[in-house]
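Here is the structure we will look at, set down as structure tokens.
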Amino acid sequence: MAKINFGGVEENVVTRNEFPLSKAQEVLSNETVAVIGYGVQGPGQSLNLKDNGINVIVGQRKESKTWDKAVADGWVPGETLFPIEEALERGTIICYLLSDAAQIAVWPTVKRHLTAGKMLYFSHGFGVAYSDKTGIVPPSGVDVALVAPKGSGTSLRSLFVEGKGLNSSFAIHQDATGKARDRVIALGIAVGSGYLFETTFYKEVTSDLTGERGTLMGAIQGLFQAQYEVLRANGHSPSEAFNETVEEATQSLYPLIADNGMDWMYANCSTTAQRGALDWKDKFYAATKPVFEQLYKSVTDGVEAKNSIDSNSQSDYREKLEVELEAIRNSEMWQAGRAVRGLRPENVSVAKPEEELV
């Protein structure tokens, strides 16, 4: 492991230098990795594993959209694509990548196939960390570990194709074989991680639930909407309000912050922007920190897990979700967003000189 200093705090991380792909291939050479589920993380992880020379099969419910998607992605029924139970039987490493609600429903089937020596792999600590609510308690004879890419499966795949990597956390919940550490790090490298940092199942799920509800999605939508509405209420056009609220942030500033840090952004903007940002950051900090404390308490008290299980397990969950998403989709801000995205240079057809003369 490499020792990296993060703002004065030293951490052990795993990089591709000390654990190269060739070592991951060696560790996994006698394994059959069965990826169960082909929704959010399944496609990216399974395709990256396959492209990295790992023996991978996919387990998915027949006659489903995701089965058809797997076929379209090149998985061959009867060779590399199987019904879930057959994939579970064939796999020595079970990558359990179904949604949290689906993991609860399918768990009795999965558990029957967890014979001694196998590994049960997750990309989210939810099922195991909240076992009192999910009923997911792995048998003692199997390794249990996770690799959690810090981004969507789509990003994991696109960055891999570009020759880049997405940072991931990893954790070992149970080491029955004495080889769990090598197995999970090998998987982390092979799915396309940039580097791996160690955590626990509980810490992964509490940080993840906080992030999703906070700065990754929930807080961002709330902040965008609040600023947009204030600008519109004061006479600014939808185009101006959206560009100043969302477009400039996502297309210009956020990528620069990702590459260089916030201090660099402050140093490289106008003096007027510098002064305003520095003066107002503490006000936003004071206003939002109590909300984040309330959110974190709701996560650690198990309230968010219960709400998620209760909601996602309802038979009409998808229909209710679509109603909520439709409200966001049809809001003026995101309607303006669709129009603005359509006007980006890469989306606008420019007439050729000879066409202009016609």
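Looking at His124 and Val205, their side chains come closer than 4.5 Å, going by heavy atoms from C-beta outward. At a threshold of 4.5 Å between non-hydrogen side-chain atoms, the residues Asn48 and Leu156 count as touching. Inter-residue side-chain proximity for Asn243 and Glu248 is flagged as unmet; no heavy-atom pair is nearer than 4.5 Å. In this structure, Trp280 and Asp282 have side chains that are not in contact, with every pair of non-hydrogen atoms separated by 4.5 Å or more. Put simply, the side chain of Leu28 reaches to within 4.5 Å of the side chain of Ile93, judged on heavy atoms. In this structure the side chain of Pro43 never reaches within 4.5 angstrom of the side chain of Arg157, judged on heavy atoms. Residues Tyr121 and Val35 fail the side-chain proximity criterion, which asks for heavy atoms closer than 4.5 Å. Looking at Leu49 and Leu187, their side chains come closer than 4.5 Å, going by heavy atoms from C-beta outward.
A salt bridge does not link Glu247 with Arg341: none of the charged nitrogens is closer than 4.0 Å to a carboxylate oxygen. Ion pair Lys23/Glu18 not flagged as a salt bridge, since none of the NZ, NE, NH1 or NH2 atoms sits closer than 4.0 Å to an Asp/Glu carboxylate oxygen. Ion pairing between Lys297 and Glu293 fails under the 4.0 Å rule for side-chain N and carboxylate O.
Side chain to side chain, Ser207 and Thr210 fail the donor-acceptor criterion of an N or O pair below 3.5 Å. The closest side-chain donor-acceptor pair between Asn312 and Ser308 falls under 3.5 angstrom. Side-chain contact, Tyr38 with Asp73: a donor N or O sits under 3.5 Å from an acceptor N or O. Ser64 and Thr66 are linked by a side-chain donor-acceptor pair at a separation below 3.5 angstrom, with hydrogens and angles left out of the test.
Taking Ile, Leu, Val, Met, Phe, Trp and Tyr as members and joining any whose side-chain heavy atoms lie under 4.5 Å apart, directly or through other members, the hydrophobic cluster of Leu253 also contains Ile220, Phe224, Tyr228, Phe242, Val246, Tyr254, Leu256, Ile257, Met262, Trp264, Met265, Tyr266, Leu278, Ile328, Met333, Trp334, Val340.
At distances below 3.5 Å, not a single donor-acceptor pair connects side-chain atoms of Gln60 with backbone N or O atoms of Ala70. Proximity of a side-chain donor or acceptor of Thr92 to a complementary backbone N or O of Thr32 within less than 3.5 Å is detected. Distance alone, capped at 3.5 Å, places no donor-acceptor pair between the Ser298 side chain and the Gln294 backbone. Panel note: side chain Ser252, backbone Ala249; no donor-acceptor pair is recorded below 3.5 Å. For the pair Ser155 (side chain) and Gly151 (backbone), a donor-acceptor distance under 3.5 Å is absent. Using modelled atom types, one side-chain atom of Ser29 and one backbone atom of Glu26 make a donor-acceptor pair closer than 3.5 Å. Checking side-chain atoms of Arg329 against main-chain N and O of Gln335 turns up no donor-acceptor pair under 3.5 Å. Under a 3.5 Å cut-off, the side chain of Asp175 and the backbone N or O of Ala180 do form a donor-acceptor pair. The main-chain N or O of Phe82 is never found under 3.5 Å from a side-chain atom of Lys62 such that the two would form a donor-acceptor pair. Without hydrogens or angle criteria, Lys111 side chain to Pro139 main chain gives no donor-acceptor distance under 3.5 Å.
Each side-chain hydrogen bond (donor to acceptor under 3.5 Å, both in side chains) pair with one or both residues in residues 181-198, not counting sequence neighbours, appears once here: Glu31-Arg183, Asp143-Arg183, Ser168-Ser193, Arg181-Glu198. Residue pairs that meet the salt bridge (charged side-chain N to carboxylate O under 4.0 Å, His left out) test with at least one member in residues 204-217, sequence neighbours left out, are Lys150-Glu204, Arg213-Glu304.
The neighbour count for Tyr285 OH, taken as heavy atoms of other residues, nucleotides or ligands under 6.0 Å away, does not exceed 12. For NZ of Lys283, the number of neighbouring non-hydrogen atoms (other residues, nucleotides, ligands) closer than 6.0 Å is greater than 12. In this structure, Asn30 places its CG atom where only 12 or fewer heavy-atom neighbours from other residues, nucleotides or ligands lie under 6.0 Å away. Heavy atoms from other residues, nucleotides or ligands lying under 6.0 Å from CZ of Arg318 number 12 at most.
How far CD1 of Ile189 is from OG of Ser22: 10.5 Å, rounded to the nearest 0.5 Å. Taking CG from Leu47 and CG from Asn52, the interatomic distance works out to 11.0 Å, rounded to the nearest 0.5 Å. The CG atom of Leu21 sits 8.5 Å away from the CZ atom of Arg16 when rounded to the nearest 0.5 Å. The structure places CE of Met119 at 10.5 Å from CD of Gln174, a figure rounded to the nearest 0.5 Å. Rounding to the nearest 0.5 angstrom, the gap separating the OH atom in Tyr296 from the CG atom in Leu209 is 10.5 Å.
Among all heavy-atom pairs drawn from Leu166 and Pro149, the shortest one is CD2-CB, 4.1 Å. Taking each heavy atom of Trp67 and Arg61 in turn, the nearest pair found is CB-O, 3.4 Å. Contact record, Ala129 with Phe201: CB-O, 4.2 Å, taken as the closest heavy-atom pair. Val144 approaches Pro138 most closely through the heavy-atom pair CG2-CB, 3.6 Å. The shortest heavy-atom contact between Ser169 and Leu196 is O-CD2, 4.4 Å. In terms of heavy-atom proximity, Gly42 sits nearest to Leu97 at CA-CD1, 3.9 Å.
Partners of Asp316 according to the salt bridge (Lys or Arg N to Asp or Glu O under 4.0 Å) rule, which considers only residues two or more places apart in sequence or in another chain, are Lys320. Here Asn17 pairs with Thr15 under the side chain to side chain contact (heavy atoms under 4.5 Å, CB included) rule; sequence neighbours left out.
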Take Ile309 and Asp100, measure what side chain to side chain contact (heavy atoms under 4.5 Å, CB included) needs, and give me the verdict at the end.
CA-CA 8 Å; Ile309 292 171; Asp100 294 327; over 6 Å; no
Would you sort out whether His173 and Leu146 count as a side chain to side chain contact (heavy atoms under 4.5 Å, CB included), showing the intermediate values?
CA-CA 8 Å; His173 178 73; Leu146 70 76; over 6 Å; no
Criterion side chain to side chain contact (heavy atoms under 4.5 Å, CB included) on Thr80 and Val58, from CA distance to verdict
CA-CA 6 Å; Thr80 55; Val58 171; over 6 Å; no
Hey, mind stepping through Val71 and Leu81 against side chain to side chain contact (heavy atoms under 4.5 Å, CB included) and telling me if it holds?
CA-CA 8 Å; Val71 171; Leu81 176 62; 3.6 Å; yes
Would you sort out whether Gln41 and Ser123 count as a side-chain hydrogen bond (donor to acceptor under 3.5 Å, both in side chains), showing the intermediate values?
CA-CA 8 Å; Gln41 283 288 334; Ser123 282; 5.0 Å; no
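By the rule that hydrophobic residues join a cluster once side-chain heavy atoms approach within less than 4.5 Å of another member, Phe122 and Tyr130 end up as members of separate clusters. No path of Ile, Leu, Val, Met, Phe, Trp and Tyr side chains, each step under 4.5 Å between heavy atoms, connects Ile172 with Val128, placing them in separate hydrophobic clusters.
The cationic atom of Lys50 (NZ for Lys, CZ for Arg) lies less than 6.0 Å from the six-membered ring centre of Trp75 and within 45° of the ring axis.
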Residues 101-110 side chain polar contacts: donor-acceptor under 3.5 Å, at least two apart:
{"residue": "Gln103", "atom": "NE2", "partner": "Tyr96", "partner atom": "O", "Å": "3.0"}
{"residue": "Gln103", "atom": "NE2", "partner": "Leu98", "partner atom": "O", "Å": "3.1"}
{"residue": "Trp107", "atom": "NE1", "partner": "Gly135", "partner atom": "O", "Å": "3.4"}

